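On a predicted model such as this, the values are computed, not experimentally measured, just so you know.
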Amino acid sequence: MFDGDEGMIIGSTSSGGIFVCAEVHHLPYMNLRPFRVNAGAVHSYVFGTETMAYITDLAAGEKCYVVNPGGRFREAMVGRIKVELRPLRLVEARYGDTTVSAFLQDDWHVRVMSAEGKPLNLTEVVPGTLLLGRITEPGRHVGIKVDEEISEF
């Protein structure tokens, strides 16, 4: 179960990702889903403290990591992975020379964490919006840091 300020770091490359909020915020047409994150495209990484995994590599009973706006990670257990075919939206963020991105379901109820630590509907994200995320040193193989040059685009 997620707290109201928690979510997961989701990204398209090993350089980092975007803070995607758990479904713990008001939905007018269904009950809250405090046990899940609408985490995006099947190629996405889910970031932990030292490792990462493709969403599709996770399975019931495995550990994953939940994060809050203060950067505190905690371990959680995966209950299930569900893949749906939905329209996606590319979200890109830059920090210095590093660009991170995530493809997320293009729907207002998917939320990302603003730089102020407040959930923001994905449909409200426009160029210049400041978001929380995580930058990591790129170059990973099966989620573990490798000492070689890897370019990802």
Side-chain angles (χ1 to χ4, degrees), residues 1-96 98-136 138 140 143 152-153:
M1 298 297 282
F2 289 88
D3 289 337
D5 66 343
E6 292 182 321
M8 300 175 91
I9 304 293
I10 308 297
S12 291
T13 69
S14 63
S15 297
I18 308 291
F19 187 135
V20 180
C21 300
E23 293 188 2
V24 295
H25 306 285
H26 174 71
L27 295 169
Y29 52 84
M30 66 183 184
N31 293 332
L32 295 181
R33 308 280 196 263
F35 52 84
R36 77 178 223 166
V37 170
N38 195 326
V42 295
H43 73 272
S44 300
Y45 285 117
V46 178
F47 287 79
T49 54
E50 299 297 323
T51 62
M52 64 183 68
Y54 288 117
I55 288 174
T56 54
D57 285 346
L58 295 175
E62 292 184 8
K63 69 179 178 180
C64 63
Y65 290 90
V66 171
V67 67
N68 73 5
R72 177 188 53 85
F73 279 86
R74 69 174 174 87
E75 195 173 285
M77 186 175 294
V78 175
R80 71 177 170 131
I81 301 294
K82 181 171 96 171
V83 177
E84 301 173 332
L85 297 178
R86 304 285 178 141
L88 299 175
R89 181 178 186 184
L90 174 63
V91 178
E92 290 184 316
R94 290 183 193 86
Y95 183 79
T98 303
T99 299
V100 298
S101 62
F103 279 94
L104 303 172
Q105 184 181 337
D106 192 11
D107 200 331
W108 69 270
H109 76 271
V110 174
R111 293 178 175 95
V112 292
M113 194 64 78
S114 73
E116 296 82 29
K118 304 278 188 217
L120 183 64
N121 294 352
L122 185 61
T123 54
E124 297 177 43
V125 174
V126 296
T129 302
L130 299 177
L131 302 174
L132 290 182
R134 180 173 184 171
I135 301 295
T136 61
R140 304 216 176 229
E152 296 176 292
F153 304 98

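- A distance of 4.5 Å separates CG of N38 from CD of Q105, quoted to the nearest 0.5 Å.
- Of all heavy-atom pairs between T98 and S15, the closest is CG2-CB, 4.1 Å.
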Under 3.5 Å, which donor-acceptor pairs link side chains of residues 118-133 to any protein atom two or more places apart or in another chain?
from, atom 1, to, atom 2, distance (Å)
N121, OD1, R111, NE, 2.9
N121, ND2, E124, OE2, 3.2
T129, OG1, V126, N, 3.0
T129, OG1, V126, O, 2.7

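- The structure places CE of M113 at 6.0 Å from CG of D5, a figure rounded to the nearest 0.5 Å.
- Scanning for side-chain contact (heavy atoms from CB on, under 4.5 Å) contacts around R33 gives E23, M30, N31, F35, R36, with sequence neighbours left out.
- We find the OH-CZ distance between Y65 and R134 to be 10.5 Å, quoted to the nearest 0.5 Å.
- Heavy atoms only, all atoms of each residue included: F47 and T13 are closest at CZ-O, 3.4 Å.
- When atom types are taken as modelled, the side chain of S12 and the backbone of H43 share no donor-acceptor pair closer than 3.5 angstrom.
- The distance from the CE atom of M52 to the OH atom of Y45 is 6.5 Å, given to the nearest 0.5 Å.
- Contact record, F2 with A22: CG-CB, 3.3 Å, taken as the closest heavy-atom pair.
- Residues meeting the side-chain contact (heavy atoms from CB on, under 4.5 Å) test with M77, sequence neighbours left out: none.
- The neighbour count for R72 CZ, taken as heavy atoms of other residues, nucleotides or ligands under 6.0 Å away, is above 12.
- In terms of heavy-atom proximity, L58 sits nearest to K63 at CD2-O, 4.1 Å.
- For the atom pair L88 CG and D107 CG, the distance stands at 11.5 Å (nearest 0.5 Å).
- Contact of the M8 side chain with the V20 side chain is not registered, since no non-hydrogen atoms from C-beta on lie closer than 4.5 Å.
- Counting heavy atoms from C-beta on, the side chains of Y95 and V100 never come closer than 4.5 Å.
- Contact check for V46 versus I9: no side-chain heavy atoms found under the 4.5 Å cut-off.
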V83 and V42: CA distance, side-chain angles, deciding distance, side chain to side chain contact (heavy atoms under 4.5 Å, CB included) verdict: CA-CA 7 Å; V83 177; V42 295; 3.8 Å; yes
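- Among L104, I18, I55, T56, the single residue meeting the side-chain contact (heavy atoms from CB on, under 4.5 Å) criterion with S44 is I55.
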